*Asks:* 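What follows is a single structure, and I will ask about it in a moment.
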Amino acid sequence: MGICFFCTTNKRVLKNDLAFALFDEFPVSKGHMIFATKRHVKTFF
Ligand SMILES: [Zn+2]
């Protein structure tokens, strides 16, 4: 698997040992955030 946006972004505002969060650049509602795992995986499932 290649490097993706979530692996390289420096816009992380919250994090713990397993995951991190960042604000959506194109939010559907004010304050919308994206949570992602630190581990690079192909799909959520
Ligand atoms: Zn990745």
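For the numbers below, each heavy atom of this structure counts, side chains included, while hydrogens, waters and symmetry mates do not. Counting starts at 1 for both ligands and their atoms, following the listed order. Fair warning: this is a prediction, and the values are worked out from it, not measured in the lab.
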*Asks:* Would you list the pairs meeting side chain to side chain donor-acceptor pair (under 3.5 Å) in which at least one residue belongs to residues 15-33, sequence neighbours left out?
*Replies:*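 Of all non-adjacent pairs touching residues 15-33, those that pass side chain to side chain donor-acceptor pair (under 3.5 Å) are D24-H32.
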
*Asks:* Considering residues, nucleotides and ligands other than K38, do more than 12 of their heavy atoms fall under 6.0 Å from its NZ?
*Replies:*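 Counting other residues, nucleotides and ligands, NZ of K38 exceeds 12 neighbours.
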
*Asks:* Let's test this: below 2.8 Å, count the protein N/O/S atoms around the Zn ion (ligand 1).
*Replies:*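 My tally for this metal is 3.
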
*Asks:* Checking F23 now: which residues fulfil side chain to side chain contact (heavy atoms under 4.5 Å, CB included) with it, not counting sequence neighbours?
*Replies:*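 Partners of F23 under the side chain to side chain contact (heavy atoms under 4.5 Å, CB included) test: V13, M33.
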
*Asks:* Each residue besides I34 in its hydrophobic cluster should be listed here, by chain and number; the cluster joins Ile, Leu, Val, Met, Phe, Trp and Tyr at side-chain heavy-atom distances under 4.5 Å.
*Replies:*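 Grouped by the 4.5 Å side-chain rule, F5, F6, F20, L22 form the rest of the cluster around I34.
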
